[in-house]
Amino acid sequence: MPDPNGFLRYDRRLPARRPVPVRIMDWREVYPPAGPELIREQATRCMDCGIPFCHDGCPLGNRIPDWNDLVRTGDWDAAVGSLHATNNFPEFTGRLCPAPCEAACVLGLGGQQPVTIKQVEVEIADAAVARGGLRPRPAPAPTGKSVAVVGSGPTGLAAAQQLARAGHAVTVYERDDALGGLLRYGIPDFKLEKHHIDRRLAQLTAEGVVFRTGVNVGVDVTAEQLRAEHDAVLLACGALQGRDTPETPGRELRGVHQAMAHLVAANRVVAAAGEERPAPATLPDGTPIDAAGKHVVIIGGGDTAADCLGVAHRQGAAGVHQLDLYPQPPVDRDAARDPWPTWPWLLRNYPAHEEGGERVFAVAVQEFVDDGTGQVRAVRIVEVTVEKRDGRRIVTVLPGSERELPADLVLLAIGFEGTEEQPLLAQLGVTRNARGAVDARPDWQTDVDGVFVAGDMHRGASLIVWAIAEGRAVAAAIHSHLGGVGALPAPVDPARQPLAAR
Ligand SMILES: Cc1cc2nc3c(=O)[nH]c(=O)nc-3n(C[C@H](O)[C@H](O)[C@H](O)COP(=O)(O)OP(=O)(O)OC[C@H]3O[C@@H](n4cnc5c(N)ncnc54)[C@H](O)[C@@H]3O)c2cc1C
Ligand code: SF4
């Protein structure tokens with residue numbers, strides 16, 4: 001029986017982050033472990049309210065009150081089992097998920113701070129490794145069916161693990177030289193050290209999953225070959241088409257780049273450096289894209305922008321401005337706009353924001369300014385108001401509010417426009433919808449029989465928790481399509497949306 005008064009005895013507390021002056025000197029993760037006493041105390045704050053809305057907040061349907069109580073009573077082995085029953089990769093979500101479950105925690109109804117669900121999750125995930133490692137669970141017998149998974153991000157990996165454990169022969173094709181999708185070269189090490197991915201890959205390999213890196217499906221292998229060799233194909237290619245701003249004067253200047261170009265280059269030099277100090281980051285053609293000594297302007301307000309900020313400081317930027325078109329959000333939930341248990345619009349301070357830089361809200365870029373040699377030297381901005389009218393975004397400029405910010409490096413982190421147009425799609429006869437995503441029928445098949453889609457490629461740029469949830473659900477659909485015995489868990493269907501008030 002959980003402690004019904006735990007939340008009255010203990011306040012919400014998280015472990016202190018590593019000090020800023022120390023952590024920006026390296027690329028290691030920002031959070032140290034919580035320690036057994038703190039985590040037991042925080043798990044005790046979960047009262048097992050009876051109708052756990054956190055389950056609905058979490059797309060995976062993680063059994064949060066169950067594992068909170070197992071941590072409270074010290075039954076770590078059972079907690080590890082309970083968590084892995086619904087989540088293939090809790091070490092990723094425990095580190096990276098924005099935790100919509102916490103926004104839906106019933107404690108929030110009475111004005112209390114939510115349980116530190118995500119922190120408990122990561123401690124259980126790390127306990128799994130400490131207590132005997134991630135043991136492989138190979139299938140008892142093969143089914144004789146084979147599945148091709150295109151893309152090795154969290155969607156592809158979750159689906160591959162579920163299918164391999166059900167006895168199917170799974171081959172994951174990845175065009176990059178290393179596996180993990182955005183977890184590998186998109187998200188920096190200070191949010192996710194890469195040994196977490198490698199440990200899971202070793203488990204999947206031991207479970208029979210075959211990985212083929214450096215294979216761009218549609219170029220190195222045709223869709224026809226893939227279909228001939230496998231009984232089903234899963235497309236899990238992500239939503240990597242970065243939004244651009246070609247109409248802004250000066251976009252062509254040297255020093256103006258897509259945020260992902262910056263992040264991938266930085267992650268690659270960190271990966272190559274091992275214990276050494278990383279070399280300055282460059283693009284594949286040798287163009288420098290390192291922030292060292294530069295005035296950096298990041299355009300955008302989301303995860304990608306915050307990651308660029310943390311990278312810029314670690315590379316030794318002279319100064320960083322982060323620009324947002326929208327006004328500064330409130331610090332507390334606006335219950336009229338986003339009632340509990342929905343995900344509220346709030347000012348989100350990522351650890352990278354503690355490390356320096358200036359956030360500038362309610363501004364638009366009018367021009368990237370040339371230094372006379374074709375290199376950007378400044379960004380000309382103007383204050384704006386933004387309103388929605390008839391579903392359209394109307395941006396109004398405040399006259400006389402123009403100013404320049406110094407800029408040697410400008411990074412566009414203004415979102416993604418769906419999955420990339422690539423030869424694979426035409427070869428399969430799969431089309432992108434108006435959002436640049438690929439639609440799925442209720443059984444996760446595209447318009448082409450035997451070809452399935454899931455994750456960001458289906459949903460548009462989203463979150464790791466949704467990627468894993470869709471990966472698990474599409475695996476259940478493929479298993480059933482192949483005539484597999486029994487049913488695999490399917491936490492979401494293709495139409496499922498986050499909790500919303502309207
Ligand atoms: C910078 C950044 C930071 C983020 N931070 C967070 C965060 O903190 N928390 C969070 O929850 N989410 C975060 N996200 C979102 C999250 O990373 C994605 O939602 C998630 O990775 C989607 O998983 P996926 O498997 O669908 O696609 P991806 O991870 O994008 O993987 C797709 C893979 O498919 C491969 N591929 C594509 N086409 C082919 C082909 N033809 N042949 C072979 N391989 C192919 C690609 O190379 C890629 O490896 C972030 C995203 C970005 C960009
Ligand atoms: S995966 Fe995300 S939403 Fe689900 S329990 Fe973990 S932190 Fe919460």
Side-chain angles (χ1 to χ4, degrees), residues 54-64 67 83 86-87 89-90 92-105 114-122 124-125 148-159 172-188 191-192 212-221 223 226 235-240 242 259-260 262-264 267 300 302-308 311 343 350 413 415-416 419-420 422-425 427 453-471 491 498:
C54 52
H55 281 201
D56 297 305
C58 175
L60 285 163
N62 274 347
R63 301 168 185 170
I64 296 160
W67 37 260
L83 179 55
T86 55
N87 188 352
F89 313 129
F92 305 157
T93 46
R95 286 178 169 77
L96 298 166
C97 187
C101 56
E102 294 186 12
C105 174
V115 174
T116 57
I117 298 169
K118 172 177 157 175
Q119 187 68 37
V120 177
E121 180 174 22
V122 77
I124 301 171
V149 176
V150 187
S152 69
T155 307
L157 294 181
V172 177
Y173 296 85
E174 171 56 57
R175 66 185 175 189
D176 270 344
D177 58 352
L179 299 159
L182 284 170
L183 303 179
R184 176 70 65 178
Y185 290 136
I187 293 174
K191 278 170 60 179
L192 180 78
R212 292 189 57 193
T213 51
V215 180
N216 189 350
V217 179
V219 177
D220 302 315
V221 177
L226 211 63
L235 301 179
C237 302
L240 300 166
M260 283 305 293
H262 177 239
L263 291 174
V264 171
N267 277 332
D303 270 332
T304 308
D307 289 356
C308 288
V311 166
W343 180 246
Y350 298 87
F416 294 87
T419 201
E420 296 151 288
Q422 52 168 311
L424 170 63
L425 300 184
Q427 288 173 17
V453 65
D456 275 12
M457 190 174 189
H458 158 253
R459 178 166 286 277
S462 179
L463 297 172
I464 292 158
V465 63
W466 279 101
I468 301 172
E470 292 210 356

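For ligands, and for the atoms within them, numbers begin at 1 and follow the listed sequence. Residue numbers count from 1 along this sequence.
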Task: Over all atoms of both residues, closest heavy-atom pair of Ala148 and Leu226 - done: CB-CG, 3.8 Å
Open item on the list: One thing to verify: whether Arg184 and Asp176 come together as a salt bridge, which I'm taking to mean a side-chain N less than 4.0 angstrom from a carboxylate O.
Closed with: no
TODO: Mind checking the CG-CZ spacing from Leu183 to Arg95? Nearest 0.5 Å is all I need.
DONE: 12.0 Å
Task: CE on Met260 to OH on Tyr185, rounded to 0.5 Å - done: 12.0 Å
Open item on the list: Between Asn62 and Cys101, does the side chain to side chain contact (heavy atoms under 4.5 Å, CB included) criterion hold? Intermediate values first, please.
Closed with: CA-CA 9 Å; Asn62 274 347; Cys101 56; over 6 Å; no
Open item on the list: When you measure from the side chain of Glu470 to the backbone of Thr155, do you find a donor-acceptor pair of N or O atoms at a distance under 3.5 Å?
Closed with: no
Open item on the list: For the OH atom of Tyr350 and the CG atom of Asp303, what is their distance to the nearest 0.5 Å?
Closed with: 4.0 Å
Task: Residue pair Val217 / Gln427, side-chain heavy-atom distance below 4.5 Å - done: no
Between ligand 1 and the protein, find all N/O pairs closer than 3.5 Å and give the distance for each.
residue: ligand 1; atom: 5 (N); partner: Lys191; partner atom: NZ; Å: 3.2
residue: ligand 1; atom: 8 (O); partner: Leu96; partner atom: O; Å: 3.4
residue: ligand 1; atom: 8 (O); partner: Lys191; partner atom: NZ; Å: 2.9
residue: ligand 1; atom: 9 (N); partner: Leu96; partner atom: O; Å: 2.8
residue: ligand 1; atom: 11 (O); partner: Ile464; partner atom: N; Å: 3.0
residue: ligand 1; atom: 19 (O); partner: Asp456; partner atom: OD1; Å: 3.1
residue: ligand 1; atom: 19 (O); partner: Asp456; partner atom: OD2; Å: 3.1
residue: ligand 1; atom: 19 (O); partner: Ser462; partner atom: O; Å: 3.2
residue: ligand 1; atom: 19 (O); partner: Leu463; partner atom: N; Å: 3.4
residue: ligand 1; atom: 25 (O); partner: Pro154; partner atom: N; Å: 3.3
residue: ligand 1; atom: 25 (O); partner: Thr155; partner atom: N; Å: 3.0
residue: ligand 1; atom: 25 (O); partner: Thr155; partner atom: OG1; Å: 3.1
residue: ligand 1; atom: 26 (O); partner: Thr155; partner atom: OG1; Å: 2.8
residue: ligand 1; atom: 26 (O); partner: Asp456; partner atom: N; Å: 3.0
residue: ligand 1; atom: 29 (O); partner: Leu182; partner atom: N; Å: 3.0
residue: ligand 1; atom: 38 (N); partner: Gln422; partner atom: NE2; Å: 3.1
residue: ligand 1; atom: 41 (N); partner: Asn216; partner atom: OD1; Å: 3.1
residue: ligand 1; atom: 41 (N); partner: Val217; partner atom: O; Å: 3.0
residue: ligand 1; atom: 41 (N); partner: Gln422; partner atom: OE1; Å: 2.7
residue: ligand 1; atom: 42 (N); partner: Val217; partner atom: N; Å: 3.0
residue: ligand 1; atom: 44 (N); partner: Arg175; partner atom: N; Å: 3.2
residue: ligand 1; atom: 47 (O); partner: Glu174; partner atom: OE2; Å: 2.7
residue: ligand 1; atom: 47 (O); partner: Arg175; partner atom: NE; Å: 3.2
residue: ligand 1; atom: 49 (O); partner: Glu174; partner atom: OE1; Å: 2.7
residue: ligand 1; atom: 49 (O); partner: Glu174; partner atom: OE2; Å: 3.1

TODO: Just the protein N/O/S atoms under 2.8 Å from atom 2 (Fe) of ligand 2, please, no waters.
DONE: Cys97 SG
Open item on the list: Can a donor-acceptor pair be found, under 3.5 Å and without considering hydrogens, that links the side chain of Thr419 to the backbone of Gly238?
Closed with: yes
Task: Smallest separation among heavy atoms of Glu121 and Thr93, with atom names - done: OE2-OG1, 3.0 Å
Task: Proximal atoms of ligand 2 relative to Ile64 (non-hydrogen, under 4.0 Å) - done: 5 (S)
